[in-house]
Amino acid sequence: MLSNQIIDWYLQYKRDLPWRNTSDPYKIWISEIMLQQTRVATATDYFNRFLNQFPTVSDLAMADEREVLKLWQGLGYYSRARNLHATAKIIHTDYNGVFPNTYKDILKLKGIGTYTAAAISSFAFNLPYAALDGNVFRVLSRVYSIDKPIDTGEGKKFFQELATETMGNARPEIYNQAIIEFGALQCTPRTPNCVTCPIQANCLAFGNGQVDQLPLKSKQIKTKNRYFYYLFLSCENRFIIEKREGKDIWKNMYQYPLIESDKAISTKKLLQTSKWKELFENKELVIQSICENVVHKLSHQNLHTTIIHINTDIDQLKEIKPYQIIDSSEIENYPFPKPIENHINATFENIP
DNA sequence: AATACGTGGCC
DNA sequence: TGGCCAAGTAT
């Protein structure tokens, strides 16, 4: 039986990961959120730091969102951190600090969809819900040679039923971890290790020679270009930041004052924008340097960033209103997106 | 249903 | 080296 073969493989080859060997739903929840669209190697250090700072769901509930985002800095998909924090508050108040223990209640929580609800339900409570993530899609599509696209509603429904069937009466807690780990280590996206695969004889795609063409995806992402002009306004170790609001990327994170354009513009044109005038009208300024056009690639957009460094005197900084001045010693208190983090690191590397 | 949401690694 | 991919979810 397929489920038993995969479990046997798992018992022999599984990795010892920080979130394994526990049935604490809090730890499992944190790990699952961090692992969404994120590699194990990247998530591991974040997981350890996070659990160290917030050992229980109530510790997390009591924190400021800014602190949570700071711990998440660099991990990406920051709505995960915001939802994690909001959900911790719900569990702390509505559930008296005790993690809900039914699939239905778990699925209601912000940031938890069908995959994560099944993962927590099975890993923590051994409930029989088949976890369907990218690994499981890949393994099932190959073993059964399914050429339905996995990124459509119909495809997801089909694979969810197939996953449930394949799990059968296997122990949910171990089976779900096993097939996910099998996908991550053995049945990998590129160059899967079919030579040593224990289920090679049962794999239809291997028989067809179609392993490298599965799973099938129908959609392709299109990227757009945006042009970011950051104003690094500094005076010795102090500089100006603003908080990002709204529904755009990096919500509730901090950055240098930003002038955005949908196309590249000259420094001369920047001088004519309303934001520039708002910041500098009637003030003296000297552009010290310009770091031009570093392209930061996100999944759906290319950000062409230019950082304009301007030295200003302290009195002038104080007059600029919706922005705040921070000292380099306060950097640890504010979450920054990668482009800003990179510039801060390069600028303040020699300053204690 | 289609799209937005980050970042880093890989070939 | 640019495009694809990695333990998805919300809208």
Have a look at A/Ile180 and say if it touches a base, only the backbone sugar-phosphate, or nothing, with a 4.0 Å heavy-atom cut-off. base

Between A/Lys110 and A/Ile221, the residue closer to the 5' end of DNA chain C by nearest nucleotide is A/Ile221

Could you tell me whether A/Ile28 contacts a base, only the sugar-phosphate backbone, or nothing, with contacts defined as non-hydrogen atoms closer than 4.0 Å? nothing

Distance from A/Ile33 atom CD1 to A/Thr87 atom OG1, nearest 0.5 Å? 7.5 Å

Roughly how far apart are A/Glu32 CD and A/Asp133 CG, rounded to 0.5 Å? 8.0 Å

Rounded interatomic separation in angstrom, taking CZ from A/Phe336 and P from B/dT7: 14 Å

Looking for any heavy atom pair under 4.0 Å, which part of the strands does A/Thr114 touch: base, sugar-phosphate only, or nothing? sugar-phosphate

P atom, C/dC4 versus B/dA4: distance in rounded Å? 16 Å

Given B/dG8, B/dT7, C/dG8, identify the nucleotide with an atom nearest to the side chain of A/Arg39. B/dG8

Side-chain atoms of A/Trp19 come closest, of C/dA7, C/dC5, C/dG8, to C/dA7

For atom CG of A/Leu84 and atom P of B/dG6, their distance in whole Å: 15 Å

For the P atoms, the ones on C/dA7 and on B/dT3, what distance do you get once it is rounded to whole angstrom? 23 Å

Of the listed nucleotides B/dG6, C/dG8, B/dT7, the one nearest the side chain of A/Tyr115: C/dG8

Do A/Trp9 and A/Gln186 have side-chain atoms, one donor and one acceptor, less than 3.5 Å apart? yes

With a non-hydrogen cut-off below 4.0 angstrom, is A/Trp72 in contact with a base, only sugar-phosphate, or nothing? nothing

Checking A/Lys70 side chain against A/Tyr334 main chain: does a donor-acceptor pair fall under 3.5 Å? yes

Looking at every strand, decide which applies to A/Arg138 at a 4.0 Å heavy-atom threshold: base, sugar-phosphate, or nothing. sugar-phosphate

Measuring from the side chain of A/Tyr77 (C-beta onward, heavy atoms only), which nucleotide among B/dG6, C/dA7, B/dG9 has the closest atom? B/dG6

In whole Å, I'd like the distance from the CD atom of A/Gln37 to the P atom of B/dA4. 15 Å

Nearest to the side chain of A/Ile249, heavy atoms from C-beta on, is which of C/dA7, B/dG8, B/dC5? B/dC5

Please report the distance, rounded to the nearest Å, between NZ in A/Lys217 and C1' in C/dC4. 8 Å

Are A/Glu154 and A/Lys157 close enough for a salt bridge, meaning some N to O gap below 4.0 Å? no

Set out, line by line, the N/O atom pairs under 3.5 Å between protein and nucleotides 1-3 of chain B.
from, atom 1, to, atom 2, distance (Å)
B/dT3, OP1, A/Lys222, NZ, 3.3

Among B/dC5, C/dT9, C/dA7, which nucleotide has an atom closest to any side-chain atom of A/Ala184? C/dA7

Touch check for A/Val40, heavy atoms < 4.0 angstrom, all strands: base, sugar-phosphate only, or nothing? base

Phosphate OP1/OP2 of C/dA7: any A/Gln36 side-chain N/O under 4.0 Å: no

Gap between atoms CZ and C1', on A/Arg82 and C/dA10 respectively (whole Å): 11 Å

Look at the aromatic rings of A/Phe232 and A/Tyr256 and report parallel, tilted or perpendicular, splitting at 30° and 60°. tilted

Mind checking A/Arg15 for me? I need base, sugar-phosphate or nothing, with any heavy atom below 4.0 Å counting as a touch. base

What integer number of Å spans the P atoms of B/dG8 and C/dT9? 23 Å

When we call it a touch if two heavy atoms are under 4.0 Å apart, what does A/Gly183 touch: a base, just sugar-phosphate, or nothing? nothing

Which is true for A/Thr42 with a 4.0 Å heavy-atom rule: it touches a base, it touches only sugar-phosphate, or it touches nothing? nothing

Checking A/Glu65 against A/Arg82 for the salt bridge (Lys or Arg N to Asp or Glu O under 4.0 Å) test, could you report, in this order, the C-alpha distance in whole Å, the side-chain angles of both residues, the deciding distance, and whether it holds? CA-CA 7 Å; A/Glu65 185 191 78; A/Arg82 298 192 301 268; 5.1 Å; no

Would you say the base of B/dG6 and the side-chain of A/Ser299 have a donor-acceptor pair closer than 3.5 Å? yes

As a test of reading the structure: which of B/dC5, B/dT7, C/dT9 is closest to the side chain of A/Gln301, going by heavy atoms? B/dC5

So, are A/Arg226 and A/Asp248 salt-bridged, with charged N and O less than 4.0 Å apart? yes

Between A/Thr38 and A/Arg190, which is nearer to the 5' end of DNA chain C once each is assigned its nearest nucleotide? A/Arg190

Between A/Thr38 and A/Arg80, a side-chain donor and acceptor under 3.5 Å: yes

Counting any heavy atom closer than 4.0 Å, what does A/Arg226 reach on the DNA or RNA strands: base, sugar-phosphate only, or nothing? nothing

Ring center gap for A/Phe50 and A/Phe54 short of 6.0 angstrom: yes

A/Leu109 CG - C/dA10 C1' separation (whole Å): 14 Å

Nearest whole Å is fine: how far is B/dA4 P from A/Lys224 NZ? 6 Å

What does A/Ile112 touch in the nucleic acid at a heavy-atom separation under 4.0 angstrom: a base, only the sugar-phosphate, or nothing? sugar-phosphate

Rounded interatomic separation in angstrom, taking OH from A/Tyr129 and P from C/dG8: 21 Å

